[in-house]
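Working notes, beginning with the structure itself.
Starting from 1, each residue takes its place in the sequence as its number. These numbers come from the heavy atoms of this one structure, side chains and all, not from hydrogens, waters or symmetry mates.
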Amino acid sequence: MTPLLLGVRHHGPGSARAVRAALEAAPPDAVLIEGPPEADALLALAADDRMRPPVALLAHAVDDPGRAAFWPLADFSPEWVAIRWALGRGVPVRFIDLPAAFSLAAGAVEPAEDGAAGADPVRVDPLAVLAGAAGYDDPERWWEDVVEHRGPGGGSDPLAPFAALGEAMAALRGRYGHGGHERDLVREAHMRLQLRSARKEFSDRLAVVCGAWHMPAFSEKTTVAADRALLKGLPKVRTGMTWVPWTHRRLARQSGYGAGIDSPGWYGHLFQAPDRPIERWMTKVAGLLRDEGRIVSSAHVIEAVRLAETLAALRGRPHAGLTETTDAIRAVMCDGSDVPLDLIRDRLVVGDVLGEVPDDAPAVPLQRDLSRAQRTLRLKPEARERELDLDLRKETDASRSRLLHRLRLLSIGWGEPTAGRGSTGTFRESWRLRWEPELHVRVAEAGVWGTTVLSAAVAKAENDAVTAADLAGITSLAERCLLAELTDALPVVMRALADRAALDADVGHLARALPALARSLRYGDVRSTDTSALAEVATGLAERICVGLPPACAGLDAEGAGRMRRDLDAVHTAMGLLPAERRPGERWSAVLRGLAVRDAVPGLLRGRAARLLLDDGRLDEDEAARLMSLALSTGAPPAEAAAWIEGFIGGASGGGMLLVHDERLLALVDGWLTRVSPEAFTDVLPLLRRTFSAYESGVRRTLGELIRRGPATASGGQRRSEAAIPGFAPDLHLRRADAVLPVLRLLLGAPGSGTGLEPGTGPGLGTAPGPEAKGSAAEGRVEQGPGMSETPGTEDDDLARVGR
């Protein structure tokens, strides 16, 4: 007796409904499903109410967890419907496809998608052939019209569609054979053997749910010996199997694991809607658009439904599909704009649904420990990307941070650090979280390092320290160990770090290693971690950099100078982060001074060293002007002078504002540029454009106005007063400045403001500035800016001067 062959597309609402109707009409004694037989022991979990699709069977090689395969199932998958039907009625259910042990050994990472367009570039597409015979130019549209859009009760005989599909596939197989994919012959041989075994175990009343392409294989006249011969000698590996959550995004073909559908959210809606699917879909879309602030009324919904049905009739389709509904939504609800359609596609057509698997499902020990930690810390995995801000002063947030850092060290990229929107202090962290199904494979791979997240992270860190390729890699690892609080791994990491640092003589390597150590010391203070050993190594690196940097900066070409400038900036920042008692402040300043005046050092580095000294207050403005005048003298090559300018005022270091407020420097640059010969100007122009293009538009505009009216000369140093910057008066307008005094009294808590506070002790202001503060009230003047004049006064006028 021929079994009941239910040929399907692996994910389709029409196929799922048809399978359920056929099983109800002709109940079998057992249900056989195309899938890996190793999962038979896991089928009972599908009846658990805690199992919510989309889910997937995950098979991985025990000795090589990175070799894995997924079999995803949604609630509208025919296989899932058949499994639930059989378990609900006590009917035995089995998987009969080629075992995953053979598939993984052969290198296959996912099951082929039967009946799906484009499954293999050389494989015959049965849907395209049948669609062409029916007069369709789009096989997807043909399959949806014939199968997927069939509603409940779509025909009088629930078995007729499968009989017709079987005939069509038999004709195709008769013409094209295996269609260019020889692996199907092996799979079909195994399925026939499993069918024969099931007949002996149960009866001839069997139902087989398989890809439509395989239907003719079950009617093929072959012998047991011939089928076993195809399977003889196939390589196999020891395999582990479990259920894992899946997402609608991973069901979409373009997102990684090809599952044959572009619109899982739409298919899920078609399967779940009891009636009037177009009306219900339009209502969902209207609700989403309203939540996003768009005005959508019931009249819009009614008109969109009418337009979708009209478009389907004009296009000769039996029902409106996703194309028609999308066109109608664009015209009626989106005013012809495609922008809202991206949101609709992301949220509804594809969707952010993440399945759930019971906690007692088989899993590697590391996955179980991770699941426990997620529950304890209330960090539920979600398919949609979300931001997480952590305050490390709170124990729960600190524990979350440690978990995420440990997972990153294990290459489990659930969370990625991002720039925070609030405080930039070291007690704040911001993360971007998004759980992807393949992370389960990463967890299985990381299971070789330990059975818990902590033990695995420690073992992985120790191994990385021993096998690190360079010094920067070990320092980065030390930083990550501190962030993850892996105190057991730190001794091994620090020993490897000290050994590598002692042997590495490349100043560039040392310079790139120090910033990570300095950051580690800072985070260690925040997280109450013992960093004494790290401080010793950092101090040694800083001393060696001070010794080796000057000779390393001499004789560099333009490319090498650019790399060294980045290292110089990073080292300077790192020096400021070192503990005060270990900071080589004076020695580092001496190194910078030596770089600033040494002719053998490229102009880019000399200019940068001078700027760093100026910013630290270790170089006064007169000396900075002298260094600039020397660098821009007539005897200096124009290209070298332009490089000095780039180092001194280039980048995002406030060089533009420096020129705005110190017109002597601006005059030096302006005077040098006017003296450059036309031949040399074309050589220095790219450097100058790169330097000044980094400034904000307002800074560039102000500099242009200053140049237009004529900046002060380098010798006189006095501002020309015959013209002012547009929008600024030459002198201070006292009456207008006095208008802000009432508000300032309130802010500063001055007498008469009603706050009861003394002047200079307002909320968040601290004490009044000391006499050493430049431009303070104690100096009796306001620091001069563009368009302002110096105004002496007395102590009674302090508040007025602050206001001005």
Side-chain angles (χ1 to χ4, degrees), residues 1-57 71-100 111 114 152-153 155 157-163 165-166 187-188 190-212 214-215 217-219 241-243 271 357-358 360-362:
M1 179 178 177
T2 303
L4 177 61
L5 297 179
L6 305 179
V8 300
R9 191 181 193 183
H10 286 307
H11 303 290
S15 296
R17 285 199 188 94
V19 165
R20 184 164 54 195
L23 293 175
E24 292 287 356
D29 292 334
V31 177
L32 308 181
I33 298 175
E34 181 183 332
E38 293 95 335
D40 285 348
L42 305 177
L43 283 172
L45 287 172
D48 196 318
D49 291 337
R50 296 172 296 171
M51 177 84 82
R52 298 179 182 177
V55 293
L57 288 166
W71 283 261
L73 297 171
D75 55 356
F76 52 83
S77 297
E79 296 89 345
W80 180 260
V81 170
I83 291 171
R84 294 279 292 183
W85 183 91
L87 293 176
R89 289 158 180 77
V91 176
V93 57
R94 301 283 190 275
F95 282 125
I96 62 171
D97 201 356
L98 190 70
D114 301 304
D157 184 2
L159 304 182
F162 296 106
L165 191 59
R187 296 174 59 200
E188 290 165 355
H190 188 272
M191 287 192 278
R192 284 192 295 267
L193 291 174
Q194 293 295 98
L195 176 61
R196 294 186 182 102
S197 177
R199 279 174 170 165
K200 294 179 181 179
E201 182 179 358
F202 303 108
S203 69
D204 287 336
R205 293 179 56 197
L206 301 174
V208 178
V209 181
C210 64
H214 299 299
M215 293 177 72
F218 289 94
S219 303
M241 181 77 69
T242 186
W243 288 104
F271 182 72
V357 173
D360 52 359

Going through the distances and angles, do I96 and L195 end up as a side-chain contact (heavy atoms from CB on, under 4.5 Å)?
CA-CA 8 Å; I96 62 171; L195 176 61; 5.7 Å; no
When rounded to the nearest 0.5 angstrom, what is the spacing between [atom1] in [X] and [atom2] in [Y]?
X: S197; Y: R192; atom1: OG; atom2: CZ; answer: 15.0 Å
X: S15; Y: F271; atom1: OG; atom2: CZ; answer: 11.0 Å
X: F218; Y: L32; atom1: CZ; atom2: CG; answer: 8.0 Å
X: I33; Y: M191; atom1: CD1; atom2: CE; answer: 12.5 Å
X: F162; Y: L5; atom1: CZ; atom2: CG; answer: 10.5 Å
X: L23; Y: L159; atom1: CG; atom2: CG; answer: 9.5 Å

Do [X] and [Y] have side chains that get closer than 4.5 Å, going by heavy atoms?
X: E34; Y: F95; result: no
X: V208; Y: P3; result: yes
X: T242; Y: P362; result: yes
X: V357; Y: M51; result: yes
X: W71; Y: S77; result: no
X: L6; Y: P78; result: no

Can you pull the salt bridge (charged side-chain N to carboxylate O under 4.0 Å, His left out) pairs that have at least one residue in residues 86-96, sequence neighbours excluded?
E24-R89, R94-E201
Determine the minimum heavy-atom distance between [X] and [Y], stating which atoms define it.
X: V31; Y: A82; answer: CG1-CB, 4.2 Å
X: P36; Y: D97; answer: N-CB, 4.4 Å
X: W80; Y: D75; answer: CD1-CA, 3.9 Å
X: V93; Y: L43; answer: O-CD1, 3.5 Å
X: H11; Y: P72; answer: CE1-O, 3.0 Å

Residues that [X] engages under salt bridge (charged side-chain N to carboxylate O under 4.0 Å, His left out), provided they are two or more places apart:
X: E38; result: none
X: R84; result: none
X: R50; result: D48, D360
X: E188; result: R173

I would like to know whether L4 and L206 meet side-chain contact (heavy atoms from CB on, under 4.5 Å); could you show each step before the answer?
CA-CA 6 Å; L4 177 61; L206 301 174; over 6 Å; no
With sequence neighbours excluded, tell me which residues meet side-chain hydrogen bond (donor to acceptor under 3.5 Å, both in side chains) with S203.
D29
Is there a donor-acceptor pair closer than 3.5 Å between any side-chain N or O of W243 and the backbone N or O of L42?
yes
Is the backbone N or O of P27 less than 3.5 Å from a side-chain atom of R205, with the two atoms forming a donor-acceptor pair by type?
yes
Could you walk me through whether V91 and W85 satisfy the side-chain contact (heavy atoms from CB on, under 4.5 Å) test, starting with their C-alpha distance in whole Å, then the side-chain angles of each, then the deciding distance to 0.1 Å, before giving a yes or no?
CA-CA 8 Å; V91 176; W85 183 91; 4.0 Å; yes
